[in-house]
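A quick write-up on the structure given underneath.
In what follows, chains are A, B, ... by sequence order, proteins preceding strands, each numbered from 1.
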2 protein chains.
Amino acid sequence: MAQKPTAKESVLDAFERVITDKGERAATLDAVAAEAGVSKGGLLYHFSSKNDLAEGLAERLARLGADDLVQLRDAPEGIVRRFIRSSVVVGNPFDNAYLAVARLAQSGLYPVANDALAAIEAGWRALIEESVGDAAVARLVLLVSDGLYYNAALFPGAVTPPPAADLDEVIDALEAFAKTRAPHPAS
Amino acid sequence: MAQKPTAKESVLDAFERVITDKGERAATLDAVAAEAGVSKGGLLYHFSSKNDLAEGLAERLARLGADDLVQLRDAPEGIVRRFIRSSVVVGNPFDNAYLAVARLAQSGLYPVANDALAAIEAGWRALIEESVGDAAVARLVLLVSDGLYYNAALFPGAVTPPPAADLDEVIDALEAFAKTRAPHPAS
DNA sequence: GTCTATACATGGATAGAC
DNA sequence: GTCTATCCATGTATAGAC
């Protein structure tokens with residue numbers, strides 16, 4: 001029965017797309033309505049304010065984030081490798097939502113966006129710490145991820161995608177360091 | 001003879017302060033004029049547009065950035081340690097300018113701000129690479145720095161200052177990794 | 001050089017027809 | 001449920017007095 005809210009979802013898609021492509025400031029009600037193919041009034045029927053739109057996106061992120069965390073936990077290549085690799089935005093639904101909400105959060109106008117990001121980060125942190133077994137290594141992993149993510153995704157237009165080979169080299173370094181700190185995780 | 005442009009500089013100070021304290025969106029001409037203690041008209045005499053203000057700040061950053069790079073090169077505690085430590089914003093003139101310009105750049109409305117940041121980053125990258133002698137390590141150092149910086153400084157209000165002890169631990173890890181990669185830099 | 005007054009555009013949101 | 005028309009607030013920028 002949660003299969004039918006197509007109209008709302010497509011407006012939310014449009015909101016997400018405009019934020020991602022042109023930045024938060026460009027995501028006016030007019031622009032979002034146009035992108036969604038409806039009028040401003042039509043949009044405001046589904047989301048009665050701009051803050052309502054932000055909440056909708058934050059909820060979507062929370063939903064997708066839960067799935068993402070499960071996939072991360074079960075990643076065959078290992079949690080750290082998967083986590084770092086996924087720090088460079090590729091364009092899946094979770095990435096798109098995360099990026100858009102991050103942009104919203106930056107403006108400082110939507111506390112709900114900041115809260116949603118904090119919740120995602122907390123989930124990651126717990127999983128990474130549990131996985132690597134050392135707080136310092138976990139911190140390093142999270143910092144590198146943040147560095148990658150923010151660098152690549154934060155500035156609309158100036159996207160600099162890092163080469164995959166370089167990325168793996170960085171991951172190797174992190175895992176080597178992790179071994180240094182926790183040499184015998186099993187015994 | 002470059003000692004007298006007090007009025008312009010104080011307007012620029014106000015611009016910087018408002019951006020830092022309340023975010024780029026709150027830095028309207030009205031708000032900046034009020035902060036500087038002048039009228040909107042008075043402000044616009046010195047900077048004929050908002051983009052002009054952004055350019056002024058970008059130039060200030062470039063000026064301070066040159067000094068910063070020299071100090072980094074000569075840091076007695078070592079370049080990497082100094083660099084990572086300085087990634088957490090402390091409030092010196094360079095930090096203030098950098099933070100403000102970063103916020104401007106995020107909006108996507110001021111290409112001059114993005115350019116100024118890119119120039120700063122390029123200077124850092126060259127120095128770090130030269131210092132650690134290994135591209136992968138340099139990349140890691142820059143990523144950690146970015147992670148630290150963006151996390152702490154990007155969201156107006158939600159500033160999370162990382163503990164100094166944890167920071168040093170991260171630096172130790174980076175330097176240990178650097179030794180792994182370049183065991184005998186002299187021979 | 002600094003001020004007031006004002007023009008002009010844009011964005012969020014309401015009212016009410018269809 | 002979606003539209004048009006409109007109101008109101010805010011932000012940038014200009015004109016011209018002092």
### Query
How close or far is atom P of C:dT2 from atom CZ of B:Phe47, stated in whole angstroms?
12 Å

### Query
Taking CG from A:Asp30 and C1' from C:dA13, how many angstroms apart are they, rounded to a whole number?
11 Å

#### Entry: d(CG, A:Leu29; C1', D:dT4) in whole Å
16 Å

### Query
Side-chain contact, heavy-atom cut-off 4.5 Å: A:Leu143 with B:Leu143?
no

## Note on the structure
Whole-Å distance, A:Asn51 CG to C:dG12 P, equals 12 Å

### Query
Between D:dA13, C:dT14, C:dT2, which nucleotide has the shortest distance from any of its atoms to the side chain of B:Ser39?
C:dT2

### Pair B:Arg60-B:Phe15, side-chain contact (heavy atoms from CB on, under 4.5 Å): steps then yes or no
CA-CA 12 Å; B:Arg60 167 181 286 189; B:Phe15 188 42; over 6 Å; no

### Message
Can you see if the side chain of A:Tyr45 gets near the phosphate of D:dG1 - specifically, an N or O under 4.0 Å from OP1 or OP2?
### Response
yes

### Task
List for me each residue that meets side-chain contact (heavy atoms from CB on, under 4.5 Å) alongside A:Ala126, sequence neighbours excluded, and say none if there are none.
none

### Task
Return the value, rounded to whole Å, for the distance between atom CG of A:Leu109 and atom P of C:dG12.
10 Å

### Message
A side-chain contact here means heavy atoms from C-beta on lying under 4.5 Å apart; do A:Phe47 and A:Leu29 qualify?
### Response
no

### Message
Nearest whole Å is fine: how far is D:dT4 P from A:Lys40 NZ?
### Response
12 Å

### Message
I need the CG-C1' distance between B:Asp52 and D:dT12, as an integer number of Å.
### Response
13 Å

### Message
Let me spell it out: for each of A:Arg25 and A:Ser48, pick the nucleotide of DNA chain C with the closest heavy atom. Which residue's pick is nearer the 5' end?
### Response
A:Arg25

### Between D:dG1 (P) and A:His46 (NE2): distance, integer Å
7 Å

